[in-house]
Amino acid sequence: MYNVKAYSAASATSPLSPTTIARRDPTPNDVQIEILFCGICHSDLHQVRNEWSGVMPTVYPCVPGHEIVGRVTKTGSAVKKFKAGDLASVGCLVDSCGVCSECNQALEQFCPKLILTYNFPDKHTGGITYGGYSGGIVVDERFVFKVPGNLDLAGAAPLLCAGITTYSPMHHWGVTKGKKVGVVGLGGLGHMAVKFAHALGAHVVLFTTSPNKKEDAWRLGADEVVVSREANEMAKHTASFDFILDAVSADHDINAYLSLLRRDGNITLVGVPEKPLAVAAFNLIFGRRSLSGSLIGGTAETQEMLDFCGKHNITADVEVIPIQNVNEAYQRLSKADVRYRFVIDMASLKSEA
Ligand SMILES: NC(=O)c1ccc[n+]([C@@H]2O[C@H](COP(=O)([O-])OP(=O)(O)OC[C@H]3O[C@@H](n4cnc5c(N)ncnc54)[C@H](OP(=O)(O)O)[C@@H]3O)[C@@H](O)[C@H]2O)c1
Ligand SMILES: [Zn+2]
Ligand SMILES: [Zn+2]
């Protein structure tokens, strides 16, 4: 074992503060990574504040972070894809059983034995997993991805969660040229969804509660922008969408969007608000509409997404911050005030004692 610097939360109400955590020495299949950048996902905020206590209660101290880009410092003897000095990235998953039908189809996110990057049992240490708000991490090669060399590294970090979480459902639901696609919420996930839907050739409509994000939405690739609090603007789109991706982190009226779907249209939830959403059955039965969910993406699709981003030069729009500003960033994230992903420059961790 060896120690790295990190930031952790001691309780649901305490700020993140500097600490030291232990990492395992690399086993034969492991890649040891020095973390250069880590994105701040709204899931980090939900988890740190224990907002998902019913399903995934937070174990403290909690070290969040699952949008990790770094440089390989050491590899185990059996590692084939990476060598010291390579760029590498890690997302939300660090382990799965490797033998179930989900794993066999590279849908590891649905493996009954999946291990998330933080706040999950760590079979190596006997404790819990600690995420990317830290100087380094050791991860099984199966869950480490190549980063296309042309991408800005800070902008690439959010691809590991915000990117794959929006890319995967768009492929599953067949977003292509000629489809009318809605994206709800222009945050970290939402702005990646707009970029992907645009790159896939769809007609993209962005729904926002923040009128001051309109210009940005057009610049990011939206064809139309609707302020969702304006009922007349919403009504113009009734029964017209093939697919809507809902990336809202807080309580909101899903029925307002269900009624915008055409026959057999689908709305997929990727946002995970703390409280359940109410669904009016009439909005589903008229038009045979469907409501579904999607969880990040598997290993093969994550590498495919990164390669797609390399080819199309797609990265997140980021506000790079030193880790000492993380609590202020959380405050702003809770108010939907981010353009459009905070990313921690992990070099800032070096100045901590
Ligand atoms: N399914 C998965 O695998 C997965 C993966 C990652 C994250 N998530 C979840 O996805 C959600 C979004 O994450 P994120 O990192 O993109 O968050 P984010 O950057 O904070 O963006 C959320 C956006 O939702 C909108 N919003 C916030 N409060 C709202 C309200 N009360 N009513 C309506 N709209 C509101 C805002 O957009 P506007 O200002 O444009 O309205 C905000 O920018 C979180 O719940 C997160 O936990 C799920
Ligand atoms: Zn995330
Ligand atoms: Zn499995």
Side-chain angles (χ1 to χ4, degrees), residues 38-49 51-52 56 64-68 91-93 95-118 131-132 142 157-169 183-194 206-214 216-217 220 222 225-229 245-254 256-257 268-275 277 292-299 316-319 329-342:
C38 184
I40 298 180
C41 179
H42 206 113
S43 300
D44 302 350
L45 180 61
H46 290 302
Q47 194 76 66
V48 160
R49 297 203 175 148
E51 288 173 357
W52 297 334
M56 293 205 284
H66 56 208
E67 294 184 335
I68 298 167
C92 302
L93 298 173
D95 208 356
S96 71
C97 82
V99 293
C100 72
S101 63
E102 307 292 5
C103 287
N104 283 338
Q105 295 170 79
L107 292 169
E108 296 89 349
Q109 73 272 36
F110 304 123
C111 172
K113 294 187 178 157
L114 93 166
I115 301 294
L116 295 180
T117 305
Y118 61 85
R142 286 199 294 136
L159 300 178
L160 278 300
C161 177
I164 184 61
T165 302
T166 51
Y167 181 91
S168 180
V183 174
V184 189
L186 197 63
L189 268 57
H191 96 289
M192 289 311 307
V194 169
L206 184 272
F207 296 93
T208 182
T209 58
S210 310
N212 60 358
K213 291 181 181 172
K214 269 188 164 182
D216 284 342
L220 293 164
V225 183
V226 173
V227 176
S228 51
R229 292 187 172 128
L245 193 75
D246 183 332
V248 174
S249 53
D251 193 23
H252 62 292
D253 180 16
I254 186 85
Y257 297 99
T268 290
L269 296 180
V270 285
V272 193
E274 183 178 3
K275 299 200 177 78
L277 300 170
S292 59
S294 190
L295 176 68
I296 44 177
T299 52
D317 286 30
V318 296
E319 294 191 45
Y330 272 39
Q331 281 291 329
R332 285 186 49 199
L333 197 58
S334 66
K335 293 187 220 137
D337 174 24
V338 52
R339 310 272 167 132
Y340 280 88
R341 197 58 140 186
F342 290 112

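Just so you know, ligand 1 is whichever comes first in the structure, and atom 1 is the first atom listed for that ligand. Reckoned from all heavy atoms, side chains included, excluding hydrogens, waters and symmetry mates. Owing to the predicted nature of the structure, the values given are computational and were not obtained by experimental measurement.
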> What residues sit with at least one heavy atom under 4.0 Å from ligand 1?
Replying inline: C41, H42, S43, H46, W52, C161, T165, G185, L186, G187, G188, L189, T208, T209, S210, K213, A247, V248, S249, A250, D251, V270, G271, V272, S294, L295, I296, L333, A336, R341
> Counting backbone and side-chain atoms alike, does C161 have an N/O/S atom under 2.8 Å from the Zn ion (ligand 2)?
Replying inline: yes
> Regarding S228 and T209, is there a side-chain donor-to-acceptor distance under 3.5 Å anywhere?
Replying inline: no
>> Can you confirm whether E102 sits close enough to S96 that some side-chain heavy atom of one is under 4.5 Å from a side-chain heavy atom of the other?
In response: no
>> Quick one, V226 and T208 - any side-chain contact, counting heavy atoms below 4.5 Å?
In response: no
>> Working to 10°, measure the angle at the Zn ion (ligand 2) formed by atom SG of C41 and atom NE2 of H66.
In response: 120°
>> Using side-chain heavy atoms (C-beta onward) and a distance below 4.5 Å, is L277 in contact with L269?
In response: yes
> Distance from R341 atom CZ to C161 atom SG, nearest 0.5 Å?
Replying inline: 6.0 Å
> Under 4.5 Å between any side-chain heavy atoms of D44 and H66, yes or no?
Replying inline: yes
> Strictly under 2.8 Å, is any N, O or S atom of H42 next to the Zn ion (ligand 2)?
Replying inline: no
> If you measure from the Lys or Arg side-chain nitrogens to the Asp or Glu carboxylate oxygens, is any gap between R49 and E274 under 4.0 Å?
Replying inline: no
> Under 2.8 Å from the Zn ion (ligand 3), which protein atoms of type N, O or S occur, listed by chain and number?
Replying inline: C97 SG, C100 SG, C103 SG, C111 SG
> Do other residues, nucleotides or ligands put more than 12 heavy atoms under 6.0 Å from the CZ atom of R339?
Replying inline: yes
>> For V194, run the side-chain contact (heavy atoms from CB on, under 4.5 Å) check against L189, V225, L220 and tell me which one passes.
In response: L220
> Are any of the side-chain heavy atoms of K214 and V227 separated by less than 4.5 Å?
Replying inline: yes
>> Rounded to the nearest 0.5 Å, what separates atom SG in C41 from atom CG in L333?
In response: 8.0 Å
